[in-house]
Amino acid sequence: MKELFEEHWFTLLGEEGDVEKVEFLSIELDEDPYIIDVDEEGEKTATIAFNGIVSFLADVSYVDYSNAYYEKEER
């Protein structure tokens, strides 16, 4: 789970900025996983689904226009 989480990219919604250095901390399952599909032939894999809480740290930088200095004529 950790490897898959860190492979994804993250973006800010409603802000102009960057998300960098995402570090997975933990996952807490709310309930037991649901088995959705079992491949007993071929690769012998199973597909599961679950609800959980993921904790992570990320370096986030963005432009805070509400507290930015501006010239009255420019706005």
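The structure presented is a predicted model; accordingly, all values stated were derived computationally and were not measured.
If you chain together hydrophobic residues whose side chains sit under 4.5 Å apart, F50 and I53 never meet in one group.
Shown here for P33 and I48, the closest heavy-atom pair between the two residues is CB-CD1, 4.1 Å.
Members clustered with L25: L57, by chain and number, using a 4.5 Å side-chain heavy-atom cutoff among hydrophobic residues.
Looking at V54 and F24, their side chains come closer than 4.5 Å, going by heavy atoms from C-beta outward.
Remark: S61 OG to E15 CD distance equals 11.5 Å, nearest 0.5 Å. To the nearest 0.5 Å, the span separating CD on E40 from OG1 on T45 amounts to 10.5 Å.
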>> V60 vs L12, test: side chain to side chain contact (heavy atoms under 4.5 Å, CB included). Steps then yes/no.
In response: CA-CA 9 Å; V60 179; L12 298 175; 3.6 Å; yes
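Shown here are the side-chain contact (heavy atoms from CB on, under 4.5 Å) partners of N51, two or more places apart in sequence or in another chain: D30, E31. Listed by chain and residue number, F5, V19, V22 satisfy the side-chain contact (heavy atoms from CB on, under 4.5 Å) test with F10 (two or more places apart in sequence, or in another chain). Legend: residues meeting side-chain contact (heavy atoms from CB on, under 4.5 Å) with T47, ordered by chain and number and at least two apart, are I36, D37. Residues meeting the side-chain contact (heavy atoms from CB on, under 4.5 Å) test with T11, sequence neighbours left out: W9.
The environment of L29 atom CG is dense: over 12 non-hydrogen atoms of other residues, nucleotides or ligands sit within 6.0 angstrom.
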